[in-house]
Amino acid sequence: MTTKSSFFEDVYAVVRLIPQGRVTSYGAIAKYLGTGMSSRMVGWAMNAAIQADPPVPAHRVVNRHGLLTGKMHFGSPHRMQELLEAEGIKIINDQVQSFESLFWNPLTELEM
DNA sequence: CGATTGACGTACG
DNA sequence: TCGTACGCCAATC
């Protein structure tokens, strides 16, 4: 893109492309962005993503294990789980059920 | 300006 | 197989 897309904006774009009822991992996004395995940057971007406009469905982004590690950042720890369950995703003990089936890989879906 | 932290992930023991 | 240590890169203190 001619526009100098910031790391954050790029993350927002990918997360916004996540279909409802699907989830992805920080590492997948990080790799898609080409930042390698610096998944921490993705998580940091997510922190700002909540305040981003339009709002980014950060609740669809979980860690490699499918755990809602960032649930505490949604204002209310239960908010993230509520949002995911509202999309039809089952969560038990902060763990996404059938995570592998619900996993949305940007590298595959976007066909890099 | 330097040190620490951070919603992760991989490697090694 | 499980636990601990290290690395990434940027932002915040």
Side-chain angles (χ1 to χ4, degrees):
Chain A
M1 297 312 177
T2 52
T3 311
K4 187 183 65 173
S5 47
S6 302
F7 184 87
F8 286 54
E9 292 185 12
D10 206 2
V11 175
Y12 302 156
V14 177
V15 176
R16 270 185 250 147
L17 293 173
I18 302 174
Q20 187 175 29
R22 296 286 183 178
V23 292
T24 188
S25 66
Y26 303 94
I29 298 172
K31 192 168 186 176
Y32 173 76
L33 296 177
T35 50
M37 282 290 132
S38 56
S39 317
R40 299 187 180 204
M41 302 300 87
V42 180
W44 198 257
M46 289 286 102
N47 190 4
I50 302 175
Q51 305 173 62
D53 180 64
V56 179
H59 60 272
R60 292 179 186 156
V61 185
V62 294
N63 71 346
R64 192 65 168 128
H65 299 280
L67 277 175
L68 282 58
T69 51
K71 65 179 185 178
M72 58 168 76
H73 291 266
F74 281 81
S76 297
H78 298 277
R79 189 161 178 182
M80 187 175 186
Q81 182 172 338
E82 290 289 319
L83 291 170
L84 290 169
E85 289 183 329
E87 296 186 357
I89 301 176
K90 303 296 176 58
I91 302 174
I92 301 177
N93 193 14
D94 299 334
Q95 165 70 49
V96 177
Q97 303 302 297
S98 305
F99 174 66
E100 297 178 20
S101 300
L102 297 174
F103 185 76
W104 182 83
N105 191 332
L107 294 171
T108 303
E109 299 301 314
L110 300 178
E111 250 187 294
M112 61 168 287

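Order of the sequence lines fixes the chain letters, A, B, ..., with proteins taken first and strands second; residue numbering starts at 1 for each chain.
Rounded to a whole Å, the CZ atom of A:Phe103 is 13 Å from the C1' atom of B:dG9. Between the CZ atom of A:Phe7 and the P atom of C:dC8 there is a distance of 15 Å, rounded to whole Å. Taking atom CG of A:Asn47 as the reference point, atom P of C:dA11 lies 12 Å away to the nearest angstrom. Note: CD1 (A:Ile50) to C1' (B:dG6) measures 13 Å, nearest angstrom. Computed from coordinates, the A:His78 NE2 to B:dA7 P distance equals 18 Å when rounded to whole Å. In this structure, the CG atom of A:Leu33 is 18 Å from the P atom of C:dC8, given to the nearest Å. If you measure from atom CD of A:Gln51 to atom C1' of B:dA7, you get 13 Å, rounded to the nearest angstrom. We find that CG of A:Asp10 is positioned 16 Å from P of C:dC9, with the value rounded to whole Å.
Checking B:dA7, C:dA11, B:dG9 against every side-chain atom of A:Met46, the shortest atom distance belongs to B:dA7. Comparing C:dT12, B:dA7, B:dG9 against the side chain of A:Trp44 picks out C:dT12 as the nearest. Among the nucleotides B:dA7, C:dA11, C:dC8, the one closest to the side chain of A:Ser38 is C:dC8. Set against C:dA11, B:dG9, B:dG6, the side chain of A:Met41 has B:dG6 as its closest nucleotide. Closest approach to the A:Arg64 side chain among B:dT10, B:dA7, C:dA11 is made by B:dT10 (side chain taken as heavy atoms from C-beta onward). Closest approach to the A:Thr69 side chain among C:dC9, B:dG9, B:dA7 is made by B:dA7 (side chain taken as heavy atoms from C-beta onward).
Within the nucleic acid shown, A:Ala45 has no heavy atom closer than 4.0 Å to any nucleic acid atom.
Mapping A:Ser39 and A:Phe8 onto DNA chain C by nearest heavy atom places A:Ser39 at the nucleotide closer to the 5' end.
Rounding to the nearest 0.5 angstrom, the gap separating the CZ atom in A:Phe103 from the CD1 atom in A:Ile18 is 9.5 Å. The CH2 atom of A:Trp44 sits 6.0 Å away from the CG atom of A:Asn47 when rounded to the nearest 0.5 Å.
At least one donor-acceptor pair under 3.5 Å links the side chain of A:Gln95 to the backbone N or O of A:His65.
Note on A:Glu109 versus A:Arg22: no salt bridge recorded, every NZ/NE/NH1/NH2 to OD/OE distance being 4.0 Å or above.
Looking at every heavy atom in both residues, A:Pro106 comes nearest to A:Thr24 through CD-OG1, 3.9 Å.
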